[in-house]
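Both counts, for ligands and for their atoms, begin at 1 and track the order of listing.
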Amino acid sequence: MPSRISDSFRAYHSQKHLDLNLIKELPESHAWTSSSDDHYASENSRNFDSIPVIDLDNNNNVLEHIGHACKKWGAFQIINHSIPEKLLQAIEVAGQSLFSLPMQQKLKASRSPEGVTGYGVARISSFFPKLMWSEGFTIVGSPIEHARQLWPKDYKKFCEIIEEYEKEMEKLAGRLMWLMLGSLGITKDDVKWAFGPKGGCAALQLNSYPACPDPGRAMGLAAHTDSTILTILHQNNTSGLQVYQEESSGWVTVPPIQGALVVNVGDLLHILSNGSYPSVLHRAIVNRTQHRLSVAYLYGPPSGVRVSPLSKLVDQKHPPLYRAVTWSEYLGTKAKHFDKALSSVRLCVPLSGFTDAKDHNGVQNSELIKFIS
Ligand SMILES: C=C1C[C@]23C[C@@]1(O)CC[C@H]2[C@@]12CCC[C@@](C)(C(=O)O1)[C@H]2[C@@H]3C(=O)O
Ligand SMILES: O=C(O)CCC(=O)C(=O)O
Ligand SMILES: [Fe+2]
């Protein structure tokens with residue numbers, strides 16, 4: 001179970017700005033073993049099952065399909081989602097042009113130690129003894145200041161693409177949230193906060209995974225759940241995303257499908273659904289020959305809104321499993337406790353008293369749970 005590694009080790013890591021695109025041999029700092037992460041165990045090679053692909057347009061049973069996917073997997077892919085293919089290509093090109101800049105240039109847009117936006121290593125790195133084979137760029141609000149640092153003369157195009165992408169994603173995320181909640185019998189009348197003046201809040205995360213000289217011993221992005229209501233992920237044509245599914249006994253690859261988007265249930269939707277939908281544990285692995293790029297749209301509730309299990313999903317047999325939290329409070333908890341964040345806001349503990357990374361996948365069986373609040 002990862003716990004936050006010592007400050008000195010972190011400082012040592014943060015001094016290093018290795019350009020992964022140039023390295024020919026896997027450094028020790030990036031060499032993972034099974035003890036580096038409880039979930040490191042490799043893919044279940046007998047696994048041909050994967051998350052469902054759901055057509056949002058030509059589908060009479062869309063609610064049923066989405067509900068089933070959310071309960072079983074906490075994830076699904078969507079096609080005919082109305083995001084223009086050209087926009088998906090444009091965001092890929094924008095990401096490529098960012099990550100292919102010289103390291104010195106990228107470091108000008110570094111995320112500050114306590115900041116959210118900018119260029120840097122995976123935020124969750126501090127919980128692991130080894131570094132991940134990836135680099136990222138996070139955008140919350142306008143990217144203009146960082147874009148100016150990256151391309152002093154030519155930053156506008158990048159900002160325009162980001163703005164257009166966020167606009168389209170916000171519409172799609174709202175639509176998906178209602179479909180996912182709709183499958184549980186929740187209507188717009190049941191979630192008043194969704195109609196505040198601000199709508200949902202979001203972050204955009206561009207991830208780059210360079211080709212790796214020793215992919216079997218490296219990790220692109222370690223296993224985690226997102227702290228969101230839902231995440232919409234665009235991956236380029238290189239596979240790497242895996243989801244963990246108990247019933248399928250392990251890690252299952254999510255194959256890239258041209259034009260499709262991956263939708264993940266996040267921790268806050270798990271809370272809203274009172275445990276009906278597991279937030280999906282996922283990770284990204286790397287490969288020897290191909291560079292991989294992904295773009296995650298992380299969608300949450302408006303700031304200040306306290307999210308708790310929806311009252312329609314709570315009764316005597318199904319007591320509320322979690323206390324109310326705002327998104328920023330939960331992000332703070334995640335930054336501090338990582339995989340224990342969900343159990344730290346939980347009102348009920350299972351009789352066995354376990355609290356671990358798979359905790360969020362184990363709460364559906366309310367018989368096992370002792371109500372302690
Ligand atoms: C809104 C956010 C969710 C996120 C933390 C952040 O402030 C911005 C980046 C997000 C991300 C993307 C990669 C995985 C993740 C766990 C991380 O370290 O940064 C998520 C965070 C999250 O969902 O908790
Ligand atoms: O690159 C991927 O496929 C996963 C990215 C991810 O999980 C994230 O950005 O939260
Ligand atoms: Fe994620």
Proximity to ligand 2 by part of [X], non-hydrogen separation under 4.0 Å:
X	answer
L221	side chain
H224	side chain
N264	neither
T231	neither

Which ligand 1 atoms, with their elements, are less than 4.0 angstrom from a heavy-atom of [X]?
X	value
D226	23 (O)
L298	10 (C)
T138	8 (C), 9 (C)
I124	16 (C), 18 (O)
K334	24 (O)
W327	1 (C)
A203	1 (C)
S227	22 (C), 23 (O), 24 (O)

message: With side chain to side chain contact (heavy atoms under 4.5 Å, CB included) as the criterion, how do V325 and T333 come out once you've worked through the C-alpha distance, each side chain's angles and the decisive distance to 0.1 Å?
response: CA-CA 10 Å; V325 277; T333 306; 5.8 Å; no
field: R292 touching ligand 2 at heavy-atom level, < 4.0 angstrom
entry: yes
message: Tell me whether Q235 reaches ligand 2 (any heavy atom closer than 4.0 angstrom to a ligand atom).
response: no
Do [X] and [Y] get their side chains close enough for a donor-acceptor pair, meaning under 3.5 Å?
X	Y	answer
H318	N274	no
T225	K334	yes
T238	H291	no
Q235	S294	no
D214	H30	no
S134	N207	no

NE2 (H282) to the Fe ion (ligand 3) to NE2 (H224) angle, given to the nearest 10 degrees: 90°
Any idea which atoms of ligand 2 are less than 4.0 Å away from a heavy-atom of [X]?
X	value
Q205	9 (O)
A296	9 (O)
H282	7 (O)
S294	1 (O), 2 (C), 5 (C)

task: Indicate whether atom 14 (C) of ligand 1 is within a distance of less than 4.0 angstrom of some protein heavy atom.
output: yes
Quick one: does any side-chain atom of [X] pair with a main-chain N or O of [Y] as donor and acceptor, under 3.5 Å?
X	Y	value
H234	A296	no
T117	V140	no
N61	E64	no
H146	R111	no
D19	N21	yes
E135	L20	no

- prompt: Taking just the N, O or S atoms of D226, which one is nearest to the Fe ion (ligand 3)?
  reply: OD1
Protein heavy-atom partner closest to [atom] - residue, atom, separation in Å:
atom	result
atom 7 (O) of ligand 1	V116 CG1, 3.7 Å
atom 5 (C) of ligand 2	N207 ND2, 3.4 Å
atom 2 (C) of ligand 1	L331 CD2, 3.8 Å
atom 16 (C) of ligand 1	H224 CD2, 3.7 Å
atom 4 (C) of ligand 2	Y209 OH, 3.8 Å
atom 9 (C) of ligand 1	R123 NH2, 3.5 Å

task: Verify whether the ring centers belonging to H270 and Y322 lie closer than 6.0 Å.
output: yes
- request: Could you check Q89 against K86 for side chain to side chain donor-acceptor pair (under 3.5 Å), going step by step and ending with a plain yes or no?
  value: CA-CA 5 Å; Q89 281 159 9; K86 258 183 111 174; over 6 Å; no
- request: Answer yes or no: is there an ion pair linking K171 with E168, defined by an N-O contact shorter than 4.0 Å?
  value: yes
